[in-house]
Amino acid sequence: MGTDAHAFISDLARGLEPRADQLVDATLQCLRRELPKLWAYQDIAAVLPAAASEHITTLLDFLEQGTETDVKTPPAAIELARLLAKHRVPISDLLRIYRLVQARLVHLLYEETTRLTDAPELINAATVALSAMGFEYVDRTAEQAVAAYQQERDRWLQRRLSVINEANTRIGTTLDTARTAQELADVGTDHFADLVTVDLLDSALQEGGVVPAHVASAVRRVAQQSVLDGCPDSAVDTGERHTYPEGSEPARSLATGQPLRHDIAGSDVPPWLAASPDRRRALRIFGIHSVLLVPLRARGAPLGLVQFLRHRTAVPFDDEDLRLAHEIASRAAVYIDNARRYTHERSTALTLQRSLLQHQVPEQSAVETACRYLPCGSRAGVGGDWYDVIPLSGARVALVVGDVVGRGLHASATMGRLRTAVRTLADIDLMPDELLTHLDDVVIRIQREQERGAEMSATCLYAVYDPVSRLCSLASAGHVPPAVVTPLDSGGHSPALRAVGFPELSIGPPLGLGGLPFETAQFQLPEGSLLVLYTDGLIQSRARDVDTAITLLRNVLARAPVSLEATCEDLLSALLPDSPTDDIALLVARTRALDARQVVTLDLPSDPAFVAGARTYASDQLAAWGLEELSFTTELMVSELVTNAIRYGKAPIQLRMILQSTLTCEVSDASSTAPHLRHARVFDEGGRGLLLVAQLAERWGARHSGEGKVIWAEQALPGRGSSELRSVTAPLRP
């Protein structure tokens with residue numbers, strides 16, 4: 001009976017072959033009814049008829065020839081399996097297709113069996129045999145289809161992993177917000193989108209930080225990329241500000257943080273995508289048909305929205321594309337937020353740094369100066385480099401460069417504290433080594449005030465130049481020595497006649513170590529010499545060693561132009577790498593010397609009888625300079641200063657008068673006793689000298705040296721206010 005059943009099934013299958021098309025139609029109707037979602041994919045819908053036809057033909061052949069024959073999965077069925085995997089259709093749907101095709105065909109065969117015979121035993125035997133052979137066919141062919149499905153699925157997963165890995169490599173290469181957003185757009189168009197746009201909230205681009213998306217829906221297009229040159233398929237230009245309509249899909253996605261997929265069918269264009277004639281025209285011309293809306297969020301706050309669009313790719317986005325886009329965008333959002341925060345901190349630190357530096361270097365008689373500050377171009381952040389030019393008493397000037405170790409706001413704030421400390425210490429006219437010793441104490445005190453484990457260090461070079469003696473005194477706390485350029489002839493500044501050297505200087509330890517001494521070096525400079533002070537960022541580079549940089553520095557300075565501004569530019573052009581990794585402070589000063597007629601001195605014995613002679617000498621000198629208007633106040637100050645030196649000081653005593661942008665009277669003696677103001681009582685005969693000097697002078701003070709002390713007082717010249725005096729650039733001539 002079994003053999004008869006198999007023979008009956010073979011004859012039955014052979015008889016159904018002419019009706020194969022009808023069987024295909026019936027099968028397709030069943031599939032359309034049971035699995036309607038498959039017909040949403042154009043490529044799957046196109047291959048389904050061929051797959052059903054080949055399945056039925058192969059199954060009829062299998063039934064006709066018997067189970068001993070070798071059966072292979074039809075090519076169209078293999079292609080269908082690959083397409084299902086490509087569109088991430090669950091493998092259960094693939095197996096269900098097999099079950100539906102097998103069940104439908106077996107049912108039709110059973111109906112045909114009952115039509116051809118009424119023998120119960122044959123019908124039962126044929127039914128059992130049909131079921132067994134149907135399952136055998138499904139087992140053999142489904143195994144190959146599943147293998148094809150898994151192969152395509154693995155290929156897609158590998159591609160997905162490859163895209164994610166590439167995104168990790170390509171996105172976030174810099175700490176620039178716009179560049180990071182552009183990298184995200186580039187990755188999207190390279191792999192699965194025809195157009196990618198990146199919009200960031202205005203609030204995310206502002207220094208105030210991020211506010212909720214529903215409060216600030218205004219966005220700015222910071223990046224976009226298209227498979228077409230020039231992004232003609234985008235209606236919003238890069239940098240343009242726009243808004244999402246209230247209640248639209250982009251606004252909802254941005255507010256909720258949930259990604260959305262939207263397919264555009266024919267002319268059913270969503271209002272938010274065609275809000276303007278330009279956008280409607282772009283949709284019509286380029287045929288955008290599928291959109292992914294993926295919000296950018298980092299640390300729980302909204303940053304913006306990425307739109308992935310397709311128009312050249314016929315297949316619409318699916319849920320797996322949405323998941324891939326969301327994963328890439330989520331990673332990119334962290335990089336964008338890091339870049340945004342870095343940009344904000346860098347901008348804040350740079351603003352603080354520039355606000356703490358000198359904006360206008362005071363011009364005076366001692367030196368002519370030019371300076372530069374350049375923040376580093378790396379992601380390390382703004383450092384703590386600074387420069388300063390500080391006018392001192394006696395027509396002298398202090399030149400300072402320093403470098404706080406570290407980056408960011410902390411380094412900038414620390415730099416401001418140290419710069420203020422240096423100016424305060426310079427105001428009491430300390431020698432360079434003494435000043436650095438006190439500054440070292442300041443740094444140690446700052447270290448103690450900081451959080452435990454937060455170390456702070458700095459380097460500093462402090463130089464004082466005296467245009468009267470042409471003496472330069474300097475000391476270094478861990479800082480590179482300055483370059484000194486001296487003219488070889490008496491004519492001045494010919495580039496071919498310059499010697500470039502570095503003074504022998506004992507470089508002390510960086511500030512903050514404490515207990516180690518600093519030393520002051522002194523040397524004389526011809527008029528017109530250059531002092532070039534800089535931080536180590538100028539000479540340190542990964543592309544060359546320091547010796548090579550020093551040689552290059554020598555060569556540039558040897559042929560430096562007369563203009564100090566041009567000298568700064570030449571140094572930066574020659575020594576700076578394309579992307580400097582450290583901040584740079586540069587200060588170039590050309591020395592001047594006061595004319596001999598602008599400085600007069602008078603040696604005085606330690607005898608009160610010579611006070612009157614000092615007054616007369618001062619009055620005569622003012623007459624020679626044409627400054628008779630200052631005679632009364634000058635005689636009073638000279639009288640009090642000389643009297644104090646004779647009464648409380650030690651010989652030798654000297655009066656010096658300096659005429660430059662101000663009139664300075666100095667009295668020096670060999671005593672180190674510090675002067676101080678006294679509050680004399682009504683009947684006291686003395687004690688009012690320095691108080692009188694303080695009232696008459698515009699500025700006054702005292703400085704100490706190894707030979708004693710100097711008390712000085714400055715007066716503004718007639719017809720010149722203090723602000724005008726600070727703008728004088730050349731020494732006055734009598």
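Note that the structure is predicted; figures quoted are calculated from it, not measured.
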Check whether any side-chain heavy atom of [X] lies under 4.5 Å from a side-chain heavy atom of [Y], and answer yes or no.
{"X": "Tyr534", "Y": "Val480", "result": "yes"}
{"X": "Glu569", "Y": "Arg372", "result": "yes"}
{"X": "Leu552", "Y": "Thr548", "result": "no"}
{"X": "Thr664", "Y": "Met657", "result": "no"}
{"X": "Thr591", "Y": "Tyr465", "result": "yes"}
{"X": "Thr634", "Y": "Cys665", "result": "yes"}
{"X": "Arg590", "Y": "Glu527", "result": "no"}

Rounded at 0.5 Å granularity, tell me how far [atom1] in [X] sits from [atom2] in [Y].
{"X": "Leu553", "Y": "Leu538", "atom1": "CG", "atom2": "CG", "value": "6.5 Å"}
{"X": "Leu564", "Y": "Cys371", "atom1": "CG", "atom2": "SG", "value": "10.5 Å"}
{"X": "Asp388", "Y": "Leu533", "atom1": "CG", "atom2": "CG", "value": "11.5 Å"}
{"X": "Leu505", "Y": "Phe523", "atom1": "CG", "atom2": "CZ", "value": "8.0 Å"}
{"X": "Thr424", "Y": "Arg419", "atom1": "OG1", "atom2": "CZ", "value": "10.5 Å"}
{"X": "Cys472", "Y": "Arg396", "atom1": "SG", "atom2": "CZ", "value": "12.0 Å"}

Give the intermediate values and the outcome of side chain to side chain contact (heavy atoms under 4.5 Å, CB included) for residues Leu439 and Leu418.
CA-CA 8 Å; Leu439 190 62; Leu418 293 187; 4.2 Å; yes
So does Arg170 pair up with Asp190, basic N to acidic O under 4.0 Å?
yes
Decide if atom CD of Glu629 counts as having more than 12 heavy atoms of other residues, nucleotides or ligands within a radius under 6.0 Å.
no
Glu519, CD atom: more than 12 neighbouring heavy atoms under 6.0 Å:
no
Intermediate values then yes/no, salt bridge (Lys or Arg N to Asp or Glu O under 4.0 Å), Glu666 and Lys709
CA-CA 10 Å; Glu666 298 180 346; Lys709 68 175 181 297; over 6 Å; no
Answer with yes or no whether the side chains of [Y] and [X] bring together a donor and an acceptor at under 3.5 Å.
{"X": "Asp385", "Y": "Tyr373", "result": "no"}
{"X": "Gln182", "Y": "Gln225", "result": "yes"}
{"X": "Glu183", "Y": "Thr173", "result": "yes"}

Specify the closest pair of heavy atoms between [X] and [Y], including all atoms of both residues, with the distance to one decimal.
{"X": "Ser473", "Y": "Thr520", "result": "CB-CG2, 4.0 Å"}
{"X": "Pro510", "Y": "Ser457", "result": "CB-OG, 3.6 Å"}
{"X": "Ala483", "Y": "Phe502", "result": "CB-CE2, 3.7 Å"}
{"X": "Ala574", "Y": "Val556", "result": "CB-CG2, 3.6 Å"}
{"X": "Gln715", "Y": "Thr662", "result": "O-CB, 3.4 Å"}

Please name the residue in the list Leu201, Leu200, Asp199, Asp202 that meets the side-chain contact (heavy atoms from CB on, under 4.5 Å) test with Arg220.
Asp202
So, applying side-chain contact (heavy atoms from CB on, under 4.5 Å) with Ser365, which one of Leu594, Leu659, Ile658 is it?
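Exactly one pass, corresponding to Leu594.
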Determine whether a donor-acceptor pair (N or O, by modelled atom type, separation under 3.5 Å) exists between the side chain of Gln524 and the backbone of Ser469.
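Judged by distance alone, yes, a pair lies under 3.5 Å.
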Identified side-chain hydrogen bond (donor to acceptor under 3.5 Å, both in side chains) counterpart of His479 within the set Thr459, Asp536, Thr535:
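That would be Thr459.
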Begin from the C-alpha positions of Arg221 and Glu240 and carry the test salt bridge (Lys or Arg N to Asp or Glu O under 4.0 Å) through to its verdict.
CA-CA 6 Å; Arg221 179 68 47 83; Glu240 185 177 340; over 6 Å; no
